Amino acid sequence: MRALIITRKNDNECVDFVTRALEKRGAKPFRLDTDRFPTQARATIRVENGCVSGRIEDRGDSFDVSELAGAWHRRLEIGGEIPTTMDKRLRQPSLEESRRVLLGMFASLPCFVIDPTARLRHAEHKQLQLEVARSVGLDVPRTLVTNDADSVRAFWDECSGRMIAKMMTGFAVIEDGREKVVFTNSLAEKDLESLDQLALCPMTFQEKLDKELELRVTIVGERVFAASIDSGKLERSKSDWRREGVALLQDWKPYALSRALEKGLLALMDAFGLNYGAIDVIVTPDGRHVFLEVNPAGEFFWLDKLGPMPISDAIADVMLGLAPRRIEPKGPAKIAGAAPAGLGML
């Protein structure tokens with residue numbers, strides 16, 4: 001029984017956690033570092049007599065896709081080892097062809113996948129997440145997404161000058177050889193003077209909420225793992241706990257969700273047809289639980305180390321069919337155009 005882990009070379013220890021969990025269940029994992037394709041890893045697809053077959057080889061191991069009991073998408077970096085010294089006119093087509101070949105194979109996998117590429121890409125739309133969250137009864141913050149400066153100024157007034165700004169995509173800026181991640185930031189009135197920059201890049205603005213706690217809720221299949229952090233403990237983490245992620249690692253604690261909140265979050269996952277999601281929630285001093293976003297491939301490794309939250313085990317169980325699975329989207333996200341059942345992979 002084979003299990004495919006789709007990732008990249010510089011992924012973190014969560015891959016090792018899931019690998020061990022799969023092995024404990026009698027599966028033989030195959031780790032495909034997608035940056036090693038096409039330079040080292042090999043993929044072969046045959047279409048013959050109405051049948052499609054595929055084989056992947058790397059590091060002295062190989063398997064036929066028909067052997068797979070399940071697959072897990074972690075990260076993609078297809079073509080990452082294609083030399084940057086290659087003629088740009090040829091390198092870009094090589095990257096694109098490599099992506100199409102490997103993504104095409106993933107989409108055709110005959111096994112269950114956490115989670116299909118098309119479904120994950122669809123679920124990444126933050127505006128859609130907020131609308132679906134609202135439709136299933138979750139509390140969401142007032143939000144403005146725009147490149148119009150006047151709209152931002154009006155929203156500032158509506159929020160009584162309490163507003164944060166963030167990006168929909170996670171990215172970093174390299175300065176002086178150092179990687180500087182762009183986090184969520186609180187805005188001051190003087191920042192309204194720089195809104196002309198929106199003409200080059202739109203941004204997301206939300207009302208600034210007082211925080212009692214921040215939650216990371218990790219859902220795998222029907223299992224819900226919730227943990228809390230007091231992000232106000234450190235000055236730099238008040239607007240975004242990730243700024244002090246390392247310093248706060250030991251401060252995460254298991255958190256008991258209300259049945260209503262858990263039901264709403266599971267309904268959100270049902271709507272998108274996701275079997276895995278890392279969800280961010282703010283708990284306000286007056287007891288509101290406000291949904292911020294769901295990351296369909298979000299991190300969880302530090303939570304797995306807490307002990308009471310065996311997330312890796314849950315992933316292995318869903319991959320191998322030992323726990324309930326979501327087969328297709330249900331509800332508002334499906335109506336909005338979510339990917340149909342049968343597509344196979346992110």
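Given the structure is predicted, the values throughout are model-derived calculations rather than measurements.
Checking side-chain atoms of Arg74 against main-chain N and O of Ile5 turns up no donor-acceptor pair under 3.5 Å. Without hydrogens or angle criteria, Asn275 side chain to Asp115 main chain gives no donor-acceptor distance under 3.5 Å.
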For residues 44-51, tabulate all N or O donor-acceptor pairs below 3.5 Å that involve a side-chain atom, not counting sequence neighbours.
unit_1: Arg46; atom_1: NH2; unit_2: Glu48; atom_2: OE1; d: 2.6

Donor-acceptor contacts, no H, no angles, side chain residues 259-268, under 3.5 Å, sequence neighbours left out:
unit_1: Arg259; atom_1: NH1; unit_2: Glu262; atom_2: OE2; d: 3.1

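Here salt bridge (charged side-chain N to carboxylate O under 4.0 Å, His left out) pairs that include residues 189-200, with residues two or more places apart or in two chains, number zero. Sequence neighbours left out, not one pair with a member in residues 74-104 passes ring pair (Phe, Tyr, Trp, His ring centres under 6.0 Å). Residue pairs satisfying the ring pair (Phe, Tyr, Trp, His ring centres under 6.0 Å) criterion with at least one member in residues 197-227, sequence neighbours excluded, are absent. Evaluation of the ring pair (Phe, Tyr, Trp, His ring centres under 6.0 Å) test over residues 29-48, restricted to residues two or more places apart or in two chains, returns Phe30-Phe63.
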Item to check | Chi angles and distances behind the salt bridge (charged side-chain N to carboxylate O under 4.0 Å, His left out) call for Asp317, Arg25 | outcome: CA-CA 8 Å; Asp317 285 340; Arg25 288 155 176 79; 2.6 Å; yes
Checklist entry - Is there a salt bridge (charged side-chain N to carboxylate O under 4.0 Å, His left out) between Asp11 and Arg8 once you walk through the steps? => result CA-CA 6 Å; Asp11 205 345; Arg8 62 189 182 198; 5.7 Å; no
Checklist entry - Would Glu81 and Lys9 count as a salt bridge (charged side-chain N to carboxylate O under 4.0 Å, His left out) if you check the C-alpha gap in whole Å, the side-chain angles of each, and the deciding distance to 0.1 Å? => result CA-CA 10 Å; Glu81 290 188 352; Lys9 286 188 304 184; 2.5 Å; yes
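Under a hydrophobic clustering in which Ile, Leu, Val, Met, Phe, Trp and Tyr are joined whenever their side-chain heavy atoms come within less than 4.5 Å, directly or via other members, Ile282 and Val224 fall into different clusters. Tracing side-chain contacts under 4.5 Å through hydrophobic residues (I, L, V, M, F, W, Y), one never reaches Met203 starting from Leu209; they form parts of separate clusters. The hydrophobic cluster containing Leu292 does not contain Leu215, counting ILVMFWY residues as joined when their side-chain heavy atoms lie under 4.5 angstrom apart, directly or transitively.
Shown here are the salt bridge (charged side-chain N to carboxylate O under 4.0 Å, His left out) partners of Arg325, two or more places apart in sequence or in another chain: there are none. Among residues two or more places apart in sequence or in another chain, the side chain to side chain contact (heavy atoms under 4.5 Å, CB included) test is passed with Arg100 by Glu96. Evaluation of the side chain to side chain contact (heavy atoms under 4.5 Å, CB included) rule for Lys208 yields Arg162, Ile164, Ser186 as partners, not counting sequence neighbours. The salt bridge (charged side-chain N to carboxylate O under 4.0 Å, His left out) check on Asp87 picks up Arg89, with sequence neighbours excluded. Looking at residues two or more places apart in sequence or on another chain, you find a salt bridge (charged side-chain N to carboxylate O under 4.0 Å, His left out) between Arg31 and Asp33. Residues satisfying the salt bridge (charged side-chain N to carboxylate O under 4.0 Å, His left out) criterion with Glu158, sequence neighbours excluded, are absent altogether.
Between Ala3 and Met319, the shortest heavy-atom distance links the atoms CB-CE, 3.9 Å. Nearest approach of Lys88 to Pro93, heavy atoms of both residues: O-CD, 4.2 Å. What you find for Ile311 and Asp304 is that their closest heavy atoms are N-OD1, 3.5 Å.
Atom CD of Gln127 has more than 12 neighbouring heavy atoms from other residues, nucleotides or ligands inside a 6.0 Å radius. Within 6.0 Å of atom CZ in Arg55, more than 12 heavy atoms from other residues, nucleotides or ligands are found, so the atom counts as buried in its surroundings.
Of the inter-residue distances, the one linking Thr84 atom OG1 with Arg91 atom CZ reads 6.0 Å to the nearest 0.5 angstrom.
Contact check on Arg42 versus Asp58 returns no salt bridge, with no Lys/Arg side-chain nitrogen under 4.0 Å from an Asp/Glu carboxylate oxygen. Look at Asp313 and Arg223 and you find no salt bridge, because none of the NZ, NE, NH1 or NH2 atoms lies under 4.0 Å from a carboxylate O. For Glu131 and Arg134, the salt-bridge test passes: some basic side-chain N is under 4.0 Å from an acidic carboxylate O.
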